[in-house]
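Lettering follows sequence order; numbering is per chain, from 1. Values below: every heavy atom of this structure, side chains too, minus hydrogens, waters and symmetry copies.
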Amino acid sequence: MQRIRTDEAATRVGERVKLAGWMHNWRDMGQFGFLILRDGAGTFQAVLYKAEEMEKLKGLQYETVLQIEGVVAEEPRAPGGVELHDCQVTVISPVLEPLPFEINKKELKPGLDVFLDNAPVGLRHLRKRALFRISAEIMAGFREYLMQQGFVEIQTPKIVGSATESGANVFALDYFGRPAYLAQSPQFYKQIMVGVFERVFEIGPVFRAEKHNTARHTNEYVSLDIEMGFIQDHTDVMAMLTGVLRHIFNRLTQVCPRELELLKVKVPNIGQTIPALRLPDAQELIFKRYGEDCRGEPDLAPQHEEWLCEYAAQELGSELLFITHYPTSKRPFYAMPDDEDPTLTKSFDLLFRGCEVVTGGQRIHRYEQLLENARKWGINPEDIAGYLQAFKFGMPPHGGFGMGLERLLMQLTGLKNLREATLFPRDLTRVAP
RNA sequence: GGGGGCGUGGUGCAGCGGCCUAGCAUACCUCCCUGUCAAGGAGGAGAUCGCGGGUUCGAAUCCCGUCGCUCCCGCCA
């Protein structure tokens with residue numbers, strides 16, 4: 001008999017089927033017992049009422065891998081209205097040691113450190129699984145929408161020869177005796193690829209060697225990147241991002257309503273546009289509304305971002321907020337200066353429920369201007385010759401953004417620590433598991 | 001790089017100078033139970049209170065050091 005998964009079993013009432021999975025729970029009622037079997041699709045209740053079948057579970061711990069053959073029966077008292085009767089159990093992989101902590105309860109109890117140390121088994125918890133299912137659908141939605149919009153997916157190297165953008169915060173490695181680095185961003189490559197496809201996107205890891213130790217930083221994360229050519233200005237990129245997010249959120253509500261329900265996630269509504277504030281205006285607003293004077297500062301502090309989001313939620317009815325026109329001094333050399341005020345750039349951040357989740361903007365596309373800026377930023381043009389070549393031979397006005405997958409997931413699901421939104425987080429002290 | 005907080009059975013917590021022979025929940029072991037769904041009931045085992053030093057008649061509890069974890073700021077997604 002072919003093994004089927006638990007979601008399919010529900011549609012086979014009256015048939016004898018073969019299921020296989022993990023012993024998620026076992027409730028021994030004396031003369032019979034309920035075995036909750038968990039597989040990749042979900043959970044399913046099997047009722048064991050033969051002593052010889054119940055005997056097979058003796059001495060086995062939760063998470064033992066089992067195969068169960070039985071008849072699918074409608075039963076209003078069963079979770080989901082169906083259960084397995086007349087069961088025959090086969091033990092596939094016995095587990096003899098108790099779990100480090102309970103993973104079959106509603107809530108996951110252990111603290112972050114204990115959980116992460118035991119992630120291989122902890123991730124089996126239904127809430128954790130739901131979380132990373134949502135993560136998968138965010139990536140799927142991102143990909144799906146961009147392909148509809150004529151973007152081409154690319155994969156760019158994660159081992160790079162020069163520590164380009166800011167120089168300091170990269171991991172150095174020994175590349176056959178020569179220095180090389182882990183890419184802190186696909187920035188240069190995706191821009192280069194605008195010269196090929198006009199519109200490109202990439203889902204991939206980026207590495208930051210910063211010794212930051214906060215609830216919203218890790219040293220490796222997944223970046224959802226796009227770059228698009230022939231734009232008017234950064235607002236075209238913002239509009240594309242708005243479409244991407246709207247599509248992702250719509251997709252989530254359609255594809256994984258059960259996961260959203262399990263995690264009590266409220267998916268934000270995105271209207272026609274996401275409200276936007278210029279940085280100086282945002283700072284003025286903070287001064288007036290919250291009394292703190294950060295006017296003239298080149299960037300927002302976390303507290304400011306929370307205030308602005310509170311303002312946006314209360315006054316603009318949006319949980320998302322664009323901040324635009326960051327100063328040239330705070331942005332990379334390739335950021336396009338604003339036409340009216342060249343001390344500002346055509347750039348933006350997207351804040352979501354108090355946290356920065358996206359950074360983007362329009363880039364400089366004229367070779368001479370880019371070269372001059374690189375020099376101004378103290379970058380040796382020879383170090384970025386490959387990047388510059390794309391511009392020497394003609395680049396259109398373009399721009400893009402980078403969105404932190406785990407940041408988006410964290411804010412969407414209301415997690416307090418980015419590590420919880422990361423499958424196997426890498427931070428200052430953790431490189432395993 | 002700077003600053004806070006916390007380390008108590010497997011896990012999560014309480015206790016914060018003597019009533020602690022360290023308590024509770026859950027997990028684990030034994031038994032009972034024909035409808036559980038965070039199952040329930042009875043019993044049991046399991047901790048030199050992170051480690052080292054000090055104060056005190058007396059330290060899980062106060063002080064110092066140390067290690068580990070965690071959070072905030074800087075930086076960023």
Does B:rG35 have A:Phe32 stacked on its base, where the ring centres are within less than 5.5 Å and the planes differ by under 30°? no
Kindly confirm whether the side-chain ring of A:Phe101 is stacked on the base of B:rU11, judged by centres under 5.5 Å and planes under 30°. no
Side chain of [X], base of [N]: donor and acceptor closer than 3.5 Å?
X: A:Arg407; N: B:rC76; result: yes
X: A:His212; N: B:rC76; result: no
X: A:Glu83; N: B:rG35; result: yes

Going 5' to 3' through nucleotides 66-71 of chain B and flagging B where a protein heavy-atom sits under 4.0 Å of the base, S where only the sugar-phosphate is that close, and - otherwise, we get ---SSB
Looking for any heavy atom pair under 4.0 Å, which part of the strands does [X] touch: base, sugar-phosphate only, or nothing?
X: A:Gly111; result: sugar-phosphate
X: A:Lys105; result: sugar-phosphate
X: A:Leu408; result: nothing

Within 45 degrees of the ring normal and closer than 6.0 Å to the centroid, is that where the cationic atom of A:Arg27 sits relative to A:Phe34? no
Does A:Lys109 count as lying over the ring of A:Phe115, i.e. NZ or CZ under 6.0 Å from the six-ring centre, within 45 degrees of the axis? no
Walk me through it: do A:Arg216 and A:Glu356 pass the test salt bridge (Lys or Arg N to Asp or Glu O under 4.0 Å)? CA-CA 10 Å; A:Arg216 62 181 189 288; A:Glu356 203 173 314; over 6 Å; no
Gap between atom OH of A:Tyr62 and atom CG of A:Leu99 - 0.5 Å precision: 9.0 Å
Is there a side-chain polar atom (N or O) of A:Lys330 under 4.0 Å from OP1 or OP2 of B:rC75? yes
Going by heavy atoms in the side chains, are A:Ile226 and A:Met240 under 4.5 Å from each other? yes
In plain terms, say whether A:Glu227 and A:Arg363 are close enough for a salt bridge, that is, a side-chain N and a carboxylate O under 4.0 Å apart. yes
